[in-house]
Amino acid sequence: MSVRSMKVWSWLHTWTSLVCTLFMLLLCLTGLPLIFHHEIGHLLGTEIEAPEMPADTPHVSLDRILQVGEERHPGQGGMFISREPDDDRVWYLTMADTPASTSGLHQVAIDARTGEILGEPQLESGFMYIVSSLHIDLFAGLPGMLFLGLMGVLLLISLISGAVLYAPFMQKLAFGEVRRQRTRRLKWLDLHNLLGIVTLVWFLVVGATGVLNAWADLIVKAWQNDQLSSMLAPYQGQPPQEPGSLEAAVRSARQHLPDMQIQFVAFPGTSFSSPHHYGVFMHGNQALTAHLSQPVLVDATTALVTDSRPLPWYFNALQISRPLHFGDYGGKALQIIWAILDVLTIILLGSGLYLWFAKRSRRKTGTSMATRPDLPSTEAEQQT
């Protein structure tokens, strides 16, 4: 690599890293508890626990579930009803004044077998709410999500440029070598480069999936304006009717896609349905397909399926990115690996900041680094 190319890559790596590092540190610190959000919920007592019953205990009707929620919060109606992918014993019913409400929402956890209320998860308070809001949008809504997406793009550039610089830097060194005879700053440089190359693939994956998650609202809107609008075209101009049975709508969706399971149901008038439909989202039964959905639009009045199409590739990419971002694919073992790599990344980011401030301090005192014969060029020492 020429000296000029080295300077360009070094400048690119330094400044993209500096701009995004503080935000990446925040995301890594908040991402660590989110990896174990279920376990933390159990410790804090905020996780809903379903009582043990025989496996063949029958489930009550979804219409009864909705009735229980309406009795708990009079004047409010259903927006969404969902359940955990691996637990069909609890329904989570989200309720609001109108289907388009963005505040004043309540969620009621209802036992699917008895119809009894198990609890009301707090949607806008608590430790995990603060952590997830900081991680997702910095409490700034869509602008915050888009900003963090931009920081994610800068991160990807810094990782690629760091990998380009790493190759000539390591030409005369064994992999993983941290030279003890060097000054503290240069030993941290060796450690920074080592951590960077060890976590490179993981950080690229988490960074890329993070960008997709940050732009989730834009992806959903693209789907709504494209595929969903086409699916709802026959109903344009028709006045909405009073919704009928939720249970009948879900039964029709199950009959339409018998090899899939219910993920969630969007009530008429919400962003994932229409004023005329229940939007029943189904997912597969395998490890990968469990995170891939297919919507079934069911006429809210007649309970007849009107349309169902596989989601477009960009929406599927978003769905796959979410569990991959937090290590939700491989159970506890993958969560632990994700947590270890997260901690290593925090050290990597912190060492990058230290190296940059240390270099600026040296410049202010008028000192300069001498060229060492064991490095390909002085520019390699400028990596941060």
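None of these values were measured; they are calculated from a predicted model.
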Walk me through it: do Q261 and D88 pass the test side chain to side chain contact (heavy atoms under 4.5 Å, CB included)? CA-CA 10 Å; Q261 297 180 0; D88 65 352; over 6 Å; no
Does Q335 form a side chain to side chain donor-acceptor pair (under 3.5 Å) with H38? I'd like the steps, not just the answer. CA-CA 11 Å; Q335 286 179 298; H38 284 301; over 6 Å; no
Pair S158, S161 - check side chain to side chain donor-acceptor pair (under 3.5 Å), show working. CA-CA 5 Å; S158 73; S161 57; 5.7 Å; no
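A side-chain donor-acceptor contact under 3.5 Å links N316 to the backbone of L311. In this structure a side-chain-to-backbone donor-acceptor pair under 3.5 Å is missing from H59 to R113. Judged by distance alone, with hydrogens and angles left aside, the side-chain atoms of Q227 form no donor-acceptor pair with the main-chain N or O of N225 at under 3.5 Å. When atom types are taken as modelled, the side chain of S230 and the backbone of D226 share no donor-acceptor pair closer than 3.5 angstrom. Counting only distance, with no hydrogens or angles, the side chain of H37 and the backbone of S132 share no donor-acceptor pair below 3.5 Å.
When every heavy atom of R322 is checked against every heavy atom of A216, the shortest pair comes out as NH2-CB, 3.7 Å.
With R89 as reference, E52 is the one residue of E52, E116, E84 to meet the salt bridge (Lys or Arg N to Asp or Glu O under 4.0 Å) rule.
Taking the six-membered ring for Trp and thresholds of 30 and 60 degrees, H325 and H135 have ring planes inclined between 30 and 60 degrees apart.
Separation of the H277 and Y235 ring centroids falls under the 6.0 Å cut-off.
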